Amino acid sequence: MPQPARPLSPFTTIYRWPLAMALSIVHRMTGIAIAIGLLLVVWLLLALAHGPESYATARALCGSWLGLVLLFGWTWALTFHLANGIRHLFWDVGKGFSIQQAKASGIAVIVASLVLTALIWACVFAQGGK
Amino acid sequence: MSETNNVRAADYRTPLKRVRGLGAAKSGTHHFIAQRVTAVALVFLVLWAIYLALALVHSDYAQAREMLHHPFAAVWLIAFLIAGFWHAQLGIQVVIEDYVHTRWLEAVAQLANKFVCAAAALAGIIAVVRIVLS
């Protein structure tokens with residue numbers, strides 16, 4: 001059905017973003033990012049199944065600076081989506097709906113995702129090398 | 001979903017329509033439930049996948065094959081792939097429903113979403129099976 005050009009509510013450009021709205025948008029964006037990352041996981045598995053040369057190529061790409069930046073971003077996307085997903089599961093059983101609780105859990109999600117990402121990459125670098 | 005709502009809706013529906021519980025959307029709560037069930041599974045599967053990824057960071061080809069050769073790792077990895085791509089398909093479906101308003105484009109996008117997620121999951125599973133059986 002063709003859509004007539006109707007004016008849109010300027011809700012994303014005019015109003016100050018509440019934390020819950022920002023987190024909701026980021027949840028969707030990280031979800032899409034993780035889906036793309038999941039395709040990368042399959043590519044890695046296929047490389048490992050195919051043979052040593054393919055695996056070496058895949059490893060080299062993951063270890064390049066572009067690969068590391070993507071992996072780092074993907075780590076944060078995953079930990080954020082995981083933490084915020086757990087927040088959503090609590091909402092699904094009816095817990096944590098008050099404005100103060102939703103704000104506090106939102107901040108907790110941000111902190112948890114950053115701490116988890118830092119921990120994961122600390123583990124990577126603690127093992128030495130890139 | 002207050003009680004009065006249900007009673008009023010029941011007045012206009014045949015018993016068959018009510019017992020099917022599908023409503024106007026024809027799919028009932030299946031999407032919602034499937035998204036939550038895969039989400040709960042993924043909480044555990046993702047934590048394990050992170051652990052596996054960290055174990056694999058500095059392993060060479062032989063070590064990586066050895067690690068995934070274990071049936072336990074293979075089962076968890078296949079479960080992760082199925083739950084992950086299922087959850088991704090459900091999530092991307094909602095994003096397409098929300099933002100793609102041209103009907104034919106939406107249909108193409110929804111089909112592509114389903115096909116890519118299913119194909120990638122199958123490819124990943126085949127890869128794991130190949131490693132386990134080698």
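Quick caveat: nothing in here was measured; it's all calculated off a predicted structure. Throughout, a chain's letter reflects where its sequence line sits, starting with A, and its residues are numbered from 1.
Two residues are said to be in side-chain contact when any heavy atoms from C-beta on lie closer than 4.5 Å; B:F80 and A:L38 meet this criterion. The shortest distance between side-chain heavy atoms of B:D98 and A:R28 falls below 4.5 Å. Counting heavy atoms from C-beta on, the side chains of A:L45 and B:L68 come closer than 4.5 Å.
Annotation: the span from B:Y51 atom OH to A:C123 atom SG amounts to 11.5 Å, rounded to 0.5 Å. Here the CD-OG distance, from A:Q127 to B:S59, works out to 9.0 Å after rounding to the nearest 0.5 Å. Summarising the geometry, atom CG belonging to A:D92 is positioned 9.0 Å from atom CD1 belonging to B:I33; distances are rounded to the nearest 0.5 Å. To the nearest 0.5 angstrom, B:H87 atom NE2 is 4.5 Å from A:H81 atom NE2. Taken to the nearest 0.5 Å, the CD1 atom of A:I120 stands 4.0 Å off from the CD1 atom of B:I50.
Within 6.0 Å of the CD atom in B:E97, the count of heavy atoms belonging to other residues, nucleotides or ligands exceeds 12. Under a cut-off of 6.0 angstrom, the local environment of NE2 in B:H69 is crowded, with over 12 non-hydrogen atoms contributed by other residues, nucleotides or ligands. For B:W86, the CH2 atom is loosely surrounded, since the number of other residues' heavy atoms within 6.0 Å does not exceed 12. For B:K114, the NZ atom counts as densely surrounded, since its 6.0 Å shell holds more than 12 non-hydrogen atoms of other residues, nucleotides or ligands.
Across every non-hydrogen atom of B:Y61 and A:L48, the tightest pair is CE1-O, 3.4 Å. The shortest non-hydrogen separation linking B:D60 to A:Y55 is C-CE2, 3.8 Å. Residues B:R36 and A:L89 come closest through the heavy atom pair CG-CD2, 4.1 Å.
Residue contact with chain A, scored on non-hydrogen atoms closer than 4.5 Å, involves the backbone and the side chain of B:L54 alike. Contact of B:V95 with chain A is made through backbone and side chain together, with heavy-atom distances under 4.5 Å. With a threshold of 4.5 angstrom between heavy atoms, A:I86 approaches chain B through side-chain atoms but not through N, CA, C or O. Only the side chain of A:L78 comes within contact range of chain B, judged by heavy atoms closer than 4.5 Å.
Of all residues in residues 119-134 of chain B, those placing a non-hydrogen atom less than 4.5 angstrom from a non-hydrogen atom of chain A are B:A120, B:A123, B:G124, B:A127, B:V128, B:R130, B:I131.
No chain of hydrophobic side-chain contacts below 4.5 Å, direct or via other Ile, Leu, Val, Met, Phe, Trp or Tyr residues, connects A:L46 to A:L70. In this structure, A:L71 is not a member of the same hydrophobic cluster as A:W65, with clusters built from ILVMFWY side-chain heavy atoms closer than 4.5 Å. Under the 4.5 Å side-chain heavy-atom criterion for grouping Ile, Leu, Val, Met, Phe, Trp and Tyr, A:W76 is not connected to A:V41 through any hydrophobic cluster. With hydrophobic clusters built from ILVMFWY side chains whose heavy atoms lie under 4.5 angstrom apart, B:L81 shares a cluster with B:M67. Both A:L68 and A:F72 are assigned to one and the same hydrophobic cluster, defined by single-linkage of ILVMFWY side chains at heavy-atom distances under 4.5 Å.
Annotation: maximal heavy-atom pairing with chain A below 4.5 Å, among B:I92, B:V43, B:L77, occurs at B:V43.
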